[in-house]
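In each ligand, atom 1 is the first atom listed, and ligand 1 is the first ligand listed.
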Amino acid sequence: MSGAKERLQLQEKFEIMPETLGGQFRKDFPPYLDGLVRSEPHHYVTTPEFAKNAEDIYNLAPRPDDIYVSTFPKCGTTWVQELVWMVVNQCDFEKSKKEQLSIRSPFLEKANSPLVDKIMELICYWNLMDWLRPFIRKAISFVLGDCLRDLEQIDQMAGPRVIKSHLPLYLLNPSVLNTSKVVYVARNPKDVIVSYYHYHRLLEFHHYTGNLEAFADYFMTDRVYSAPFFPHLLDAWNKRHHPNLHFVFYEDLKKDLRGEIQKIAKFLGKTLTEDQLVKLTEHLRFDNFAKNETVNCEIGKEIGLMNNSGNFIRKGKTGDWKNHFSPELNERIDKWMQTNLEGTDLRFITELEQQD
Ligand code: A3P
């Protein structure tokens, strides 16, 4: 992947989490047939499929014109991914209307993952007839197309590449930050928990069957995909003064989308005309975004990856957690946040400011 260069060895080692192979966990996450794995020394939680490919991904050579959109899941990745793609592509609304975002901007850790095989595994799990499977496989490949591209294809993709990743920075190629640009998006963990809970119910890959309270516990005890939350965030927070890293809060995007677009454009060395800025701000507003078929993943419902219980672009609010948490759960989350933020200067926007 890195041409003639020597292959880098990933120091992170993944081990199966035995508690994810049975008991209540298996009941709450029925599709996790092989459980989840956790890495040492950083305790990153992921799927066994990803673990197999982690070192290949680590070896993907970064380029000076790459932009990584890096986030913990549910922090506004898709929103900022479209924003960044637009800024670096002269606000090409025509192309953005025609082509799925997942094709224009690849999802790094989904590359090389046997996605189709996983879908097929689920189809077997739901007992679909054998003779149907080849047709379904064809249909999935047809609909998802390039979105299933492997690392080789990402490596050869024409630049500038806008690469989406939920990986913590230490799982990306170590020269990413000194070579490419990184836009890191952070969000208040309370809203992330609510958003991630709904997402785990929506996606057939996760098919979470438990309640929000139990999910919040899985989240705080680092037993969900992409956990742990705080080290992911704090690693980027501590690097926020690096000239190649732009750190943005979801809550600030909500408060002043136009202003944050301008900051990101400046960071990327781009200037937008007033007309482009007005149109892009409109394009990215929640109501328009939720209806936009190249970003809202509604296609996932047609091919059985998502059920009909909700939407991928769901509510888009700050402070939605207030409609979900009991006082007791909120108190526990507050304590968890306090413990994890101790000794750091990272603060989330106060509750009062969070009212949407
Ligand atoms: P909610 O579930 O709270 O609504 P990601 O892309 O990282 O998966 O993040 C998804 C979250 O971002 C969802 O949060 C989604 O609704 C929100 N989101 C997506 N587009 C948005 C937009 N244009 N404005 C505000 N929030 C948006």
Side-chain angles (χ1 to χ4, degrees), residues 68-87 93 96 100-102 104-110 147 162-168 182-203 205-206 208 212 215-216 219 224-227 229 232-233 236 247-261 264 279-300 305-307 309-325 348-349 354-356:
Y68 285 76
V69 177
S70 166
T71 67
F72 188 92
K74 310 325 283 177
C75 290
T77 328
T78 318
W79 196 13
V80 173
Q81 201 186 351
E82 175 76 354
L83 187 167
V84 167
W85 187 89
M86 280 298 211
V87 168
F93 289 98
S96 113
Q100 289 289 323
L101 177 61
S102 53
R104 288 178 277 129
S105 164
F107 185 5
L108 182 59
E109 51 271 33
K110 283 282 177 276
C147 162
V162 177
I163 299 176
K164 160 186 168 176
S165 178
H166 291 316
L167 295 176
V182 178
V183 178
Y184 189 92
V185 194
R187 188 180 189 188
N188 187 315
K190 292 186 181 179
D191 284 329
V192 173
I193 290 174
V194 172
S195 183
Y196 214 18
Y197 160 73
H198 285 289
Y199 176 79
H200 274 77
R201 294 183 72 88
L202 181 67
L203 267 271
F205 286 137
H206 300 295
Y208 177 66
L212 174 65
F215 186 81
F219 194 97
V224 291
Y225 173 66
S226 273
F229 176 79
H232 194 299
L233 199 64
F247 195 102
V248 58
F249 284 99
Y250 176 95
E251 291 77 12
D252 285 330
L253 287 155
K254 283 291 296 181
K255 259 202 302 197
D256 179 16
L257 182 55
R258 181 188 158 104
E260 295 301 327
I261 295 174
I264 291 175
K279 285 193 182 133
L280 182 56
T281 309
E282 252 337 274
H283 178 76
L284 295 171
R285 285 223 180 282
F286 183 82
D287 293 346
N288 293 330
F289 210 64
K291 280 184 274 179
N292 181 342
E293 286 179 2
T294 63
V295 300
N296 67 12
C297 299
E298 280 296 294
I299 206 168
L305 292 180
M306 254 160 62
N307 57 60
S309 70
N311 298 314
F312 179 71
I313 309 293
R314 190 185 63 93
K315 212 163 176 185
K317 299 266 182 209
T318 51
D320 184 37
W321 60 267
K322 289 180 192 144
N323 302 315
H324 289 79
F325 295 164
F348 295 99
I349 289 167
Q354 265 194 30
Q355 300 282 2
D356 197 87

- ligand 1 contacted by D320 (non-hydrogen, < 4.0 Å): no

- Query: Would R314 and D320 pass as an ion pair if we require N to O under 4.0 Å?
  - Reply: yes

- Between L284 and ligand 1, find which residue part has any heavy-atom pair under 4.0 Å and reply side chain, backbone, both or neither. backbone

- contact_flag D191 ligand 1 heavy-atom lt 4.0 Å: no

- Heavy-atom nearest pair, L233 first then Y184, reads CA-OH, 3.3 Å

- If you measure from the Lys or Arg side-chain nitrogens to the Asp or Glu carboxylate oxygens, is any gap between R104 and E82 under 4.0 Å? yes

- Message: Given the ring of F107, does K164 sit roughly above its face, with NZ or CZ under 6.0 Å from the centre of the six-membered ring and within 45° of the axis?
- Response: yes

- Message: Closer than 4.0 angstrom, basic N to acidic O: yes or no for K279 and E282?
- Response: no

- Out of E82, K74, K315, the nearest non-hydrogen contact to atom 4 (O) of ligand 1 is supplied by K315

- For G76, counting its heavy atoms only, list the atoms of ligand 1 lying under 4.0 Å from any of them. 5 (P), 6 (O), 7 (O), 9 (O), 12 (O)

- Query: Taking atom 14 (O) of ligand 1 as the point of reference, which of R314, H166, K164, R187 owns the nearest heavy atom?
  - Reply: R187

- Run down the list Y250, F289, Y197, Y199 and name the one with the heavy atom closest to atom 26 (N) of ligand 1. Y250

- Close-contact set for ligand 1 against C75 heavy atoms, below 4.0 Å: 7 (O), 9 (O)

